[in-house]
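Worksheet for the structure shown next.
In what follows, chains are A, B, ... by sequence order, proteins preceding strands, each numbered from 1.
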Amino acid sequence: MHIPDGFLTLYVTIPAFIITIIFWAISFKKIKITDQQVPIMGLLTALFFAP
Amino acid sequence: MMMNYPIIGGTTAHLLGGASIGLIIGPFAGLIFVTIILVLQAFLFGDGGLTTLGANVLNMGIIGVFIPCILFLVMNKLFKGTGKKLYAMIFISAFVGDVLAAIAAGTELGLSTPTFQYGLSIAVPAMAINHSIIGVAEGIVTVVLIGTLLKLRPDVLEKSPILSKLPIFQNEPEPKEE
């Protein structure tokens with residue numbers, strides 16, 4: 001599902017970037033992680049990097 | 001997301017994991033972690049790209065994480081998931097999230113016709129049909145992962161913003177000290 005470089009036109013990439021940046025801003029403000037969840041998040045990120 | 005299986009239509013399919021990440025640590029944290037994974041893969045492994053990073057995060061990070069979480073919350077309010085119903089809810093939310101992410105990717109590819117050869121009528125069914133098979137695998141993986149955590153370490157899931165809304169965690173009687 002990873003779309004490589006050069007497959008999309010500017011009319012698609014720019015709106016996608018705008019929507020994504022809005023969601024990034026919301027997420028960085030609203031993210032809440034307790035100390036107990038820090039190892040879990042590293043584990044999950046590493047787990048879903050591979051398959 | 002690193003192991004890509006080639007599918008019919010010239011693109012690839014892989015497991016997402018967005019549903020598991022979103023359900024265990026919440027959608028906002030999940031978006032950040034999917035972004036980290038995608039940036040690493042784009043820079044180090046040539047999987048994806050810098051100009052299409054926005055589209056990839058939109059597919060896998062926003063649609064693939066937020067839709068399962070919203071769907072799970074709605075189904076939890078409707079059905080009060082316990083036992084087998086809970087596993088069915090997790091499976092359905094993971095499956096729908098995966099297929100919707102694939103449909104979004106197909107739509108983006110189909111809309112950019114001058115650079116991508118095929119239109120919407122070819123790109124969307126090619127992505128959706130093949131990813132509905134991957135979606136079943138995704139659902140099974142998510143059910144196994146969250147089911148194991150629920151049985152062995154429920155204290156880990158107690159603080160997650162999504163799964164703590166389950167009736168298992170809410171009706172727990174607090175020990176009274178006298």
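Using a 4.5 Å heavy-atom cutoff, the side chains of B/Ile24 and A/Met41 are not in contact.
The CG atom of A/Asp5 sits 11.5 Å away from atom OG1 of B/Thr115, with the distance rounded to the nearest 0.5 Å. Note that NZ of A/Lys32 is 9.5 Å distant from CZ of B/Phe28, once rounded to the nearest 0.5 Å. A distance of 7.5 Å separates NZ in B/Lys159 from CD in A/Gln37, rounded to the nearest 0.5 Å. How far CD1 of A/Ile40 is from CD1 of B/Ile21: 12.5 Å, rounded to the nearest 0.5 Å.
Annotation: A/Leu10, atom CG; neighbour count of heavy atoms from other residues, nucleotides and ligands within 6.0 Å does not exceed 12. Counting non-hydrogen atoms of other residues, nucleotides and ligands closer than 6.0 Å to CD of A/Gln36 gives a total above 12.
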Test ring pair (Phe, Tyr, Trp, His ring centres under 6.0 Å) applied to B/Phe33 and A/Phe48, step by step: CA-CA 10 Å; B/Phe33 303 139; A/Phe48 286 108; over 10 Å; no

Pair B/Ile32-A/Ile31, side-chain contact (heavy atoms from CB on, under 4.5 Å): steps then yes or no: CA-CA 9 Å; B/Ile32 305 295; A/Ile31 187 169; 4.0 Å; yes

Test side-chain contact (heavy atoms from CB on, under 4.5 Å) applied to B/Thr52 and A/Phe7, step by step: CA-CA 8 Å; B/Thr52 53; A/Phe7 270 47; 5.7 Å; no

Residues B/Val57, A/Trp24; criterion side-chain contact (heavy atoms from CB on, under 4.5 Å); working and verdict: CA-CA 10 Å; B/Val57 173; A/Trp24 275 338; 4.0 Å; yes

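Hydrophobic clustering of Ile, Leu, Val, Met, Phe, Trp and Tyr side chains at less than 4.5 Å, counting indirect connections, keeps B/Ile133 apart from B/Phe95. B/Met60 and B/Leu44 fall within a single hydrophobic cluster, where Ile, Leu, Val, Met, Phe, Trp and Tyr are joined by side-chain heavy atoms under 4.5 Å apart, directly or via other members. When the side chains of ILVMFWY residues are joined at heavy-atom separations under 4.5 Å, either directly or via intervening members, B/Val136 and B/Ile146 end up in a single hydrophobic cluster. When hydrophobic clusters are built by joining Ile, Leu, Val, Met, Phe, Trp and Tyr residues whose side-chain heavy atoms come closer than 4.5 Å, directly or via intermediates, B/Val65 is grouped together with A/Phe28. Criterion: ILVMFWY side-chain heavy atoms under 4.5 Å apart, direct or through other members. Under it, B/Leu78 and B/Ile67 are part of a common hydrophobic cluster.
Both the backbone and the side chain of B/Asp47 come within less than 4.5 Å of a heavy atom in chain A. Heavy atoms of B/Ile37 lying under 4.5 Å from chain A belong to its backbone as well as its side chain. Looking at B/Ala101, the atoms closer than 4.5 Å to chain A (heavy atoms on both sides) sit in the backbone and in the side chain alike. For a residue to count as touching a neighbouring chain, one of its non-hydrogen atoms must lie under 4.5 Å from one of that chain's; by this rule B/Thr35 touches chain A with the side chain only. Neither the backbone nor the side chain of A/Tyr11 comes within less than 4.5 Å of any heavy atom of chain B. Looking at A/Thr45, the atoms closer than 4.5 Å to chain B (heavy atoms on both sides) sit in the backbone and in the side chain alike. Proximity to chain A (any heavy atom under 4.5 Å) is restricted, for B/Ile62, to the side chain, taken from C-beta onward. Heavy atoms closer than 4.5 Å to chain A are found nowhere in B/Ile134, neither backbone nor side chain.
The candidate from A/Leu8, A/Thr13, A/Val12 with the greatest count of non-hydrogen atom pairs under 4.5 Å with chain B is A/Leu8. No other option in B/Val34, B/Leu50, B/Val141, B/Leu38 has as many heavy-atom pairs under 4.5 Å with chain A as B/Leu50. Among B/Ala29, B/Ala105, B/Pro114, B/Gly46, the residue with the largest count of heavy-atom pairs under 4.5 Å with chain A is B/Ala29.
B/Phe66 and A/Ser27 get closest at one heavy-atom pair: CZ-OG, 4.4 Å.
Of the options B/Leu53, B/Asn56, B/Thr51, a side-chain contact (heavy atoms from CB on, under 4.5 Å) to A/Ile3 is made by B/Asn56 and by none of the others.
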